[in-house]
Amino acid sequence: RTGRKGGHKGRARQYTSPEEIDAQLQAEKQKAREEEEQEEGGEGATGDPKKEKKSLDSDESDEDDEDYQQKRKGVEGLIDIENPNRVIQTTKKVTQLDLDGPKELSRREREEIEKQKAKERYMKMHLAGKTEQAKADLARLAIIRKQREEAARKKEEERKAKDEAAMAGKRLQSLSLNK
């Protein structure tokens, strides 16, 4: 028996057949029904023999299932407990659903919407040049524009100087040829 858990204190295991389980359930239902009838009118089992035969003949009827579902286990039936934290799930029909009303957003959805709105506000401020980053960018652009203007001015001056030098060289050549 190594590696396997045995039964409880050496007893042999007993298995209940499905027929026995059904018989036990029907006996409990019958007993509960008799107690209800005694409480209601005191008539007991002599009230309706046809009703009793019907319940014994049919294995599953709607009334039996409802009675069995409503029956509470253990002490619950004796003590009525009101638990404020217990949420009872209620199923709604499609016609009862209110799709037009305000929808409750989850925390993540709310945070995502706030994040998008903050990003849009920042972009508007940035385009207007009111954020620190936008101010730094504009200052950097101004410096770059000045540098490019200076570079263009220097190129223009160099080009003019070359043109003048070339013109002066041509004049010298033309003068020397004329002699």
Among residues at least two apart in sequence or on other chains, which ones pass salt bridge (Lys or Arg N to Asp or Glu O under 4.0 Å) with Arg107? Glu111
Looking at CD of Glu39 and CD of Glu35, how far apart are the two atoms once the value is rounded to the nearest 0.5 Å? 7.0 Å
So, do Arg33 and Lys29 sit near enough that their side-chain heavy atoms are less than 4.5 Å apart? yes
Looking only at heavy atoms, the pair that brings Gly129 and Ala134 closest together is CA-CB, 3.7 Å
Working note: Arg159 + Glu156, criterion salt bridge (Lys or Arg N to Asp or Glu O under 4.0 Å); need CA distance, chi angles, decisive distance, verdict. CA-CA 5 Å; Arg159 191 173 52 84; Glu156 187 68 30; 2.4 Å; yes
Checking side-chain hydrogen bond (donor to acceptor under 3.5 Å, both in side chains) for the pair Tyr122/Gln133: CA distance, chi angles, key distance, verdict? CA-CA 11 Å; Tyr122 180 80; Gln133 188 178 1; 2.7 Å; yes
Give the other cluster members for Leu105, using side-chain heavy-atom distances under 4.5 Å between Ile, Leu, Val, Met, Phe, Trp and Tyr residues; answer none if it is isolated. Ile113
Test your reading of the model: is there a side-chain donor-acceptor pair from Glu109 to the backbone of Ser106, 3.5 Å cut-off? yes
To the nearest 0.5 Å, what is the distance between CD (Gln30) and CG (Leu25)? 13.0 Å
Do Arg140 and Asp137 meet the salt-bridge criterion of a basic N to acidic O distance under 4.0 Å? yes
Rounded to the nearest 0.5 Å, what's the gap from CG on Leu141 to CZ on Arg148? Could you check? 8.5 Å
From Lys124 NZ over to Glu120 CD, what is the distance, rounded to the nearest 0.5 angstrom? 6.5 Å
Asp163 CG to Glu158 CD distance, which is reported to the nearest 0.5 Å: 12.0 Å
Calculate, to the nearest 0.5 Å, the distance between atoms CG and OG1 belonging to Asp22 and Thr16 respectively. 11.5 Å
